[in-house]
Amino acid sequence: MDLLTDDDVRAILAPHADRRGAVGRLYDTGTVDQDTAADLGALIIELTDAGQFDEADRVGKVLGYAERTGEREPVAGWARG
């Protein structure tokens, strides 16, 4: 799962969909903005501190996806997959 699809991103972020901020926006709309990397990084730290290393690694892959994608507005049809 090196190159994530939009569906992969939604599946990985689903357990974290209730988070406010950029993680929630990415999950809900596909939006990547100036706060996305920092918010994903904070989530990775929280997961690591909680000993959820596999989940932290999966969210790390989403961070890579967001960095490759760059900033973008909400994606039409994002939630429909």
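Note that these values count all heavy atoms, side chains included, but never hydrogens, waters or copies made by symmetry.
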> So among Asp6, Asp8, Ile12, Leu40, which one has a side chain to side chain contact (heavy atoms under 4.5 Å, CB included) with Tyr65?
Replying inline: Asp6

>> Looking at every non-hydrogen atom in both residues, tell me the closest pair between Ala37 and Leu63 and how far apart they are.
In response: CA-CD1, 3.6 Å

Do any side-chain atoms of residues 41-54 form donor-acceptor pairs under 3.5 angstrom with protein atoms, and if so which ones, sequence neighbours left out?
| residue | atom | partner | partner atom | Å |
| --- | --- | --- | --- | --- |
| Glu46 | OE1 | Arg19 | NH1 | 2.9 |
| Glu46 | OE2 | Arg19 | NH2 | 3.3 |
| Thr48 | OG1 | Ile44 | O | 2.9 |

> What are the two closest heavy atoms between Ala11 and Arg58, and how far apart are they?
Replying inline: O-NH2, 4.1 Å

>> Set out, in order, the CA-CA distance, both residues' side-chain angles and the distance that settles side-chain contact (heavy atoms from CB on, under 4.5 Å) for Val9 and Trp78, then state yes or no.
In response: CA-CA 11 Å; Val9 170; Trp78 176 264; 4.2 Å; yes

> For the residue pair Leu4 and Arg68, what are the closest heavy atoms and their distance?
Replying inline: N-NH2, 4.4 Å

>> Can you give me the closest heavy-atom contact between Tyr27 and Ala14, atom names plus distance?
In response: CE1-CA, 3.5 Å

>> Can you give me the closest heavy-atom contact between Arg72 and Gly30, atom names plus distance?
In response: NE-O, 2.7 Å

> If you look only at pairs with a residue in residues 35-45, which of them pass as a side-chain hydrogen bond (donor to acceptor under 3.5 Å, both in side chains), with sequence neighbours excluded?
Replying inline: Asp33-Thr36

>> Testing the basics here: between Val62 and Leu26, what is the closest heavy-atom pair and its distance to 0.1 Å?
In response: CG1-CD2, 3.8 Å

